[in-house]
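Here is the naming used below: chain letters follow the sequence lines, and residue numbers restart at 1 for every chain.
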Amino acid sequence: MADKRKKWEDEPEEKVSAGGDDVVAAADAHAELEAEAKKPEPKAEAAPEPKKTKAIKPAAIVAWFQTPADLYKACEALRDAGYKHFDAHTPFPVHGLEVAMGLRPSILGWIVLGGGFTGIVSAFGMQYWMSAVDYPLNISGKPLASWPAWVPIGFELTVLLSAFACFFGMWALNGLPKFFDPVMQHTSFDRASNDRFFISIEAKDAKFGKGRAMLEKLGANDIEEVLP
Amino acid sequence: MSSAATIEKDVQRLPEEQGKKLFGTAATIAALGLAGSAAAFFVDKQRFAHSWLVGFYFLTTIGLGALFFVLIQHLTRAGWSVAPRRHMEWVSGVLPFCALLFVPVAALAHDLYHHWMSAEAMKDPILKGKSGYLNVPFFYGRSVLYFVIWAGIAFWFAKQSADQDAAKKGDTRAFTGRMQGAAAPAILLFALSLTFAAFDWIMSLDPHWFSTIFGVYIFAGSVTSSLAVLAIININLQKQGLLKRVSTIEHRHDIGKLLFGFIVFWAYIGFSQFFLIWYANIPEETIFFKRRLVGEWQYVSYGLLLGHFVLPFLMLLSRHTKRSVTVLRAAAVIMLVMHYIDIYWLVMPSLDVNGAHFTWVDLVCLLGPVGVGMVVVAKRMQSSNLYPINDPRLPEAVKLQNL
């Protein structure tokens, strides 16, 4: 483990050469961007970049951090700077990140409540209509509208529709199913599921223009603009 | 762990002034309740016996729920609940005193259980068939056994936990290991004794009637009410600014989740018991619910459904309300009131056959046991640390966060 960790720490220094091989295989527009980053003084070269990307506007700016703590601090900084459309991509859930990102509580709970309520109302309504209105049947002398007999179905439908509302509501809120997302084009984005902590700022954010400078200030690595 | 230094910042002891104030309140309630109960005994012995059984069983079930909490935390090696476990050790400390409070029930057993204790009962073929279990000496013997088990378990775990507080740093793990090992057999004894005590003291009020799930129903009510007490203790300690790290809003949220879960569990078990009996409609089983679904008792029954389930369910459904001091405390108070009504609903229809009517006797017989329980908890709060200061899982408890 110790060796591996050491390797990670070394990596930022060799990033220029390490990134090179991947770029060759990437799309043409992408390769051009990378070629810019390859040069030893990225800051001096910052100026020509917007010119290159003018033809196709970037969808987002993506970079990574070494540790969850760095990512956490970066999210706090972006939140405090007034960024609204940015996201974090981590290999595992980072406690308290939703606070650092300034995310509001999800409305999923309300969708589930709606599903559950629909379930119980439709179950009781259906059973009332079936056993007391449409096909009245005397069962061991009990009243036609015997609510206790409806409870098991009411319970099941409540749970079923709650679960559906939860599952598909989550899809809808997350924009799923989705087979491609621009941020995946970052050279080393596959490591978001391994050992790196990525941050992305979407182009639709009002402060997108200052994003690169902001990320540089925060010490992000491999800051890349990705195309739609 | 690095948190050791920060844990020291939590106050370990209840400030003396607050302890005295709490003890004063508790002692006043106990004195009023016991004096009133004594008066009630001379005024109406029959009603006193039933009301006292309700009050006594109310306190006992809360103590049993607390004991269950202590055992299950050890059994699951839980890290979050180190401080709440100490609070439940206080509450389970009422169990030895419940043995004393049982004395009036034992003395007046013939007024309560005359259906099967009287000589005429032997003329009834059903009761004659049950007499191998339902007979006077065995009844008393079992009752003694229950209290030996409960007081023994409660005392042993509280003692181990207190000794761990005083132990040297290197020895503390051994205490935790011992308690975890003992929790497994203890919980078996607990489950059996709680079930049979429920059969003996409550179900036998109506000796023809039987329900195999009855013990589980009592268990569900016990855990719900004891978690309500725990929520109130947690909230009040935080309000006094005493526990800022080992018992915080995150721990309160977890207590709220457990309370919510057991509210649903109670409803599930209660409905399961009702549903099968209602559907099968066999006279010897249905009589229990028939009595409770006519006249005034039906309003108590529907009140239980709404107050013990629907209302608190909706109140605690949201994450925000579980974390809110106001809503969680309101729900906890409602659950305690409803637990009393639940026990009342189980016991009193065998006396008030023609309809529910709450009297002053019922009130004083509630205040007596509740006051005694508060005195015990207040004493334990004063004499022990507010959380297990040497528990090896303390750093884990401090780190608790709800996603």
Side-chain angles (χ1 to χ4, degrees), chain A residues 68-69 72 75 88 90-101 103-121 123-124 127 131 137-159 161-163 165-166 169-170, chain B residues 2-3 79-80 248-250 253-254 256-257 260-261 263-283 285-286 288-290 292-294 298 301-302 304-306 309-310 313-324 395-396 398-403:
Chain A
Y72 190 92
C75 286
T90 62
F92 52 81
V94 178
H95 278 268
L97 200 58
E98 75 282 1
V99 181
M101 292 172 69
L103 291 181
R104 292 184 30 222
S106 167
I107 60 157
L108 187 60
W110 292 101
I111 298 174
V112 177
L113 185 67
F117 188 73
T118 310
I120 195 156
V121 169
F124 272 71
Q127 289 175 98
S131 54
L137 194 60
N138 185 338
I139 297 168
S140 59
K142 289 186 167 61
L144 291 173
S146 288
W147 68 267
W150 305 341
V151 169
I153 307 287
F155 173 79
E156 293 298 342
L157 264 187
T158 306
V159 172
L161 294 198
S162 295
C166 190
M170 186 275 286
Chain B
S2 59
S3 320
W80 70 275
T248 63
I249 185 169
E250 302 295 338
H253 186 183
D254 275 0
K257 284 188 241 174
F260 177 78
I263 287 168
V264 177
F265 182 66
W266 176 90
Y268 187 85
I269 298 300
F271 183 74
S272 300
Q273 176 172 274
F274 167 75
F275 188 50
L276 295 193
I277 291 173
W278 170 82
Y279 207 85
N281 211 6
I282 300 167
E285 287 178 355
T286 305
F288 178 87
F289 285 109
K290 168 106 183 4
R292 286 162 178 79
L293 284 173
V294 294
Q298 69 177 312
S301 302
Y302 293 126
L304 269 178
L305 172 64
L306 293 175
F309 172 60
V310 177
F313 175 84
L314 294 174
M315 278 174 89
L316 292 179
L317 190 56
S318 161
R319 166 194 172 93
H320 305 287
T321 55
K322 286 189 205 83
R323 291 169 82 90
S324 148
E396 207 181 320
V398 174
K399 280 190 201 141
L400 176 71
Q401 263 199 334
N402 286 291
L403 272 177

Participant: Does any part of the side chain of Pro105(A), heavy atoms only, come nearer than 4.5 Å to the side chain of His320(B), both counted from C-beta?
Facilitator: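 Of all side-chain heavy-atom pairs linking Pro105(A) with His320(B), at least one is under 4.5 Å.
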Participant: Is it true that atom OH of Tyr268(B) has more than 12 heavy atoms of other residues, nucleotides or ligands lying nearer than 6.0 Å?
Facilitator: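 Open.
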Participant: Is there a side-chain contact between Val151(A) and Phe271(B) in this structure, where contact means two heavy atoms from C-beta onward sitting under 4.5 Å apart?
Facilitator: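 Answer yes - side chains close enough.
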Participant: Can you see which heavy atom on Phe275(B) is nearest to which on Pro148(A), and at what distance?
Facilitator: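 Looking at all heavy atoms of both residues, the closest pair is CE1-O, 3.2 Å.
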Participant: Please classify the contact between Tyr279(B) and chain A as side chain, backbone, both or neither, with a heavy-atom cut-off of under 4.5 Å.
Facilitator: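 Contact with chain A: backbone and side chain both.
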Participant: Pick one of side chain, backbone, both or neither for Leu314(B), based on which atoms fall under 4.5 Å of a heavy atom in chain A.
Facilitator: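 Neither; nothing under 4.5 Å.
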Participant: Which atoms of Leu113(A) come close to chain B, meaning under 4.5 Å heavy atom to heavy atom: side chain ones, backbone ones, both, or neither?
Facilitator: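 Looking at Leu113(A), just its side chain touches chain B.
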Participant: Is it the case that atom NZ in Lys290(B) sees more than 12 heavy atoms from other parts of the structure closer than 6.0 Å?
Facilitator: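 Atom NZ in Lys290(B) is not crowded, with 12 or fewer foreign heavy atoms closer than 6.0 Å.
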Participant: For atom CH2 of Trp147(A), is the number of surrounding heavy atoms from other residues, nucleotides or ligands below 6.0 Å larger than 12?
Facilitator: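 Atom CH2 in Trp147(A) is crowded, with more than 12 foreign heavy atoms closer than 6.0 Å.
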Participant: Surrounding CG of Leu137(A) (heavy atoms of other residues, nucleotides or ligands, distance under 6.0 Å), is the total greater than 12?
Facilitator: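 More than 12 heavy atoms, drawn from other residues, nucleotides or ligands, come within 6.0 Å of this atom.
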